[in-house]
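First the proteins, then the strands, lettered A, B, ... as listed; each starts at 1. Given the structure is predicted, the values throughout are model-derived calculations rather than measurements.
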Protein chains: 2
Amino acid sequence: MVKPSSSTRRSKPPRVTPPADQETRDRILDAAHIVFTRKGTASSRTQEIAAQAGVNKALVHYYFGTKAALADAIFARALGTLMPRIFGILADPDRSIEEKVPAIVREQIDFQSARPYFAGYMVSELHAEPERITRLMARQGGRVPLDVIRRQLREGARAGKFRRISPEQFVANLMGLLIFPFAIRPALCELLGFDTPRWHAFLEERRRLLPDFFMAGLRP
Amino acid sequence: MVKPSSSTRRSKPPRVTPPADQETRDRILDAAHIVFTRKGTASSRTQEIAAQAGVNKALVHYYFGTKAALADAIFARALGTLMPRIFGILADPDRSIEEKVPAIVREQIDFQSARPYFAGYMVSELHAEPERITRLMARQGGRVPLDVIRRQLREGARAGKFRRISPEQFVANLMGLLIFPFAIRPALCELLGFDTPRWHAFLEERRRLLPDFFMAGLRP
DNA sequence: GGATGGTTTAACCATGCGGTTAATATCGGC
DNA sequence: GCCGATATTAACCGCATGGTTAAACCATCC
């Protein structure tokens, strides 16, 4: 635990916010991520996070002050992991929409498959505490960059390649198709009678289908 | 409050499960629905439900035994409201897919618009307690009726009208497109810079767009 | 080797909350 | 008008949980 002391340590001003040991800090963050994503913030116990991190409960408070602050950190981190994977690709001016959509589909199906609780967690938190995203978006990034995709959609429409569709609808459709099935996986499996292998088959099918389905939906 | 006594009352066996006054029972259910959908089961307090129902907290337990049981009741009720609206239409053998899709789109956008917390609540609960839906589906209905839609998709594909697509993918796509934006509304509004009027404009646009988008996606 | 200051822990505290209980209110039947 | 049942309440209980505290720990510097 005892790391070679924070490198950003200046000698004169006696620091106010303790930077604290980065290693244990990360251990707690990782533990919190596991617990929070699995159970949601409200049903998670700081004690369980501490245990998961192999650390005393008080230490969690030492590093993050309050459960809510820790929850914020985890949520912000999750958001920061997810959004660039979608909007990073969408904002690329050097790739056509026909290239971007399959790329995002592949990327997201891989990403979400590897993190079974991620989508459900995100949606749940969004619903449980809608103000949080306002707060967070204000602090960091801000709006999402839609100009590239807007331009590409407009040009495609002018060329008769696409139907007239706003980038907002485009994004809503894409995210709905990609994320929703993961967010409600247990229900979907029960509803459709999927066991785990059939779920994976479903995802494989989806990987092939979605790009065509989505692009066909774009055409007039 | 005091209703003309339960009609199902038999005189001999001293009833085990109290049928209890239907009117207050419903008042509690309605109150619980409001609180649970707004805050989610985990963050809701029985006290708040009681207050919302204008009733003593103990009475909630008198009627439903435990918070979890009440939560189950509310969730089952919500599921029973949502599913038939989608699968009732889908299972109709007398309407073509071209008729069903726009009907469901209209219906769902109206339904969800009138219940801003519904979608988020459903997804959250699904994520928080995945076993619940297993339990519930076993008790009531069971699987979802996909045969009609399967037949229609197959015939459409044979006629060259549709791409080859399984009813499972069909349903996943439809639900994702319809429900997801409502489930993450706060995030979507923040992300896309929507205020309330623009959100409604977005929904209007969506009402027009989705049937075409979806049907175009089906075509080969 | 001891003073200093960040790190970690065991023990503790206050309280919010789910659930229970025992007493009261209300009504239908006689 | 009283009886037996159900309906409703105020008061209470136990405990889990978020958060605090005071002490121990352990590097590092002089």
Point to revise | Under 4.0 angstrom between B/Y63 side-chain N/O and D/dT8 OP1 or OP2 | key: yes
**Study point:** Under 4.0 angstrom between A/T24 side-chain N/O and C/dT7 OP1 or OP2
**Key:** no
Review point. Would the number of heavy atoms belonging to other residues, nucleotides or ligands and lying under 6.0 Å from NZ of A/K100 be above 12?
Key: yes
**Study point:** Heavy atoms from other residues, nucleotides or ligands near NZ of B/K67 exceed 12 (cutoff 6.0 Å)
**Key:** yes
Nucleotide nearest [X] (side chain, heavy atoms from C-beta), chosen from [options]:
{"X": "A/A58", "options": "C/dA10, C/dT20, C/dT8", "result": "C/dA10"}
{"X": "A/T66", "options": "C/dT9, D/dT9, D/dG19", "result": "D/dG19"}
{"X": "A/N56", "options": "C/dG19, C/dT9, D/dT9", "result": "C/dT9"}

Review point. Looking at five pairs on each end of the helix from C/dG1-D/dC30 to C/dC30-D/dG1, what is the angle between the two axes, given to 10 degrees?
Key: 0°
**Study point:** B/D26 and B/Q22 side chains, donor-acceptor separation under 3.5 Å
**Key:** yes
Review point. Would B/Y121 and B/F182 count as a close aromatic pair, with their ring centres under 6.0 Å?
Key: no
Review point. What do you reckon, are the aromatic ring centroids of B/F36 and B/Y117 less than 6.0 Å apart?
Key: no
What is the distance, rounded to the nearest whole Å, between atom [atom1] of [X] and atom [atom2] of [N]?
{"X": "A/D26", "N": "C/dT7", "atom1": "CG", "atom2": "P", "value": "14 Å"}
{"X": "A/K67", "N": "D/dA16", "atom1": "NZ", "atom2": "P", "value": "16 Å"}
{"X": "B/I49", "N": "C/dG19", "atom1": "CD1", "atom2": "C1'", "value": "14 Å"}
{"X": "B/Q22", "N": "D/dA7", "atom1": "CD", "atom2": "P", "value": "11 Å"}
{"X": "A/L59", "N": "D/dA24", "atom1": "CG", "atom2": "P", "value": "18 Å"}
{"X": "B/Q47", "N": "C/dG18", "atom1": "CD", "atom2": "C1'", "value": "11 Å"}
{"X": "A/Y62", "N": "C/dG5", "atom1": "OH", "atom2": "P", "value": "13 Å"}
{"X": "B/H61", "N": "D/dA11", "atom1": "NE2", "atom2": "P", "value": "19 Å"}

Point to revise | B/R208 to B/F213, cation-pi by 6.0 Å centre distance and 45° axis angle | key: no
Point to revise | cation_pi(A/R85, A/F111) dist<6.0 Å, angle<=45 | key: no
Review point. What closest approach, in Å, do A/R206 and A/L177 show between heavy atoms, and which atom pair accounts for it?
Key: NH2-O, 3.0 Å
Check your understanding: Looking only at heavy atoms, what is the nearest atom pair of B/I165 and B/L153, with distance?
Key -> O-CD1, 3.6 Å
Review point. Near DNA chain D, under 4.0 Å by heavy atom, which residues of residues 31-46 of chain A?
Key: A/S44, A/R45, A/T46
Review point. Taking N and O atoms by type only, does the side chain of A/K57 place a donor or acceptor under 3.5 Å from a partner on the base of D/dG19?
Key: yes
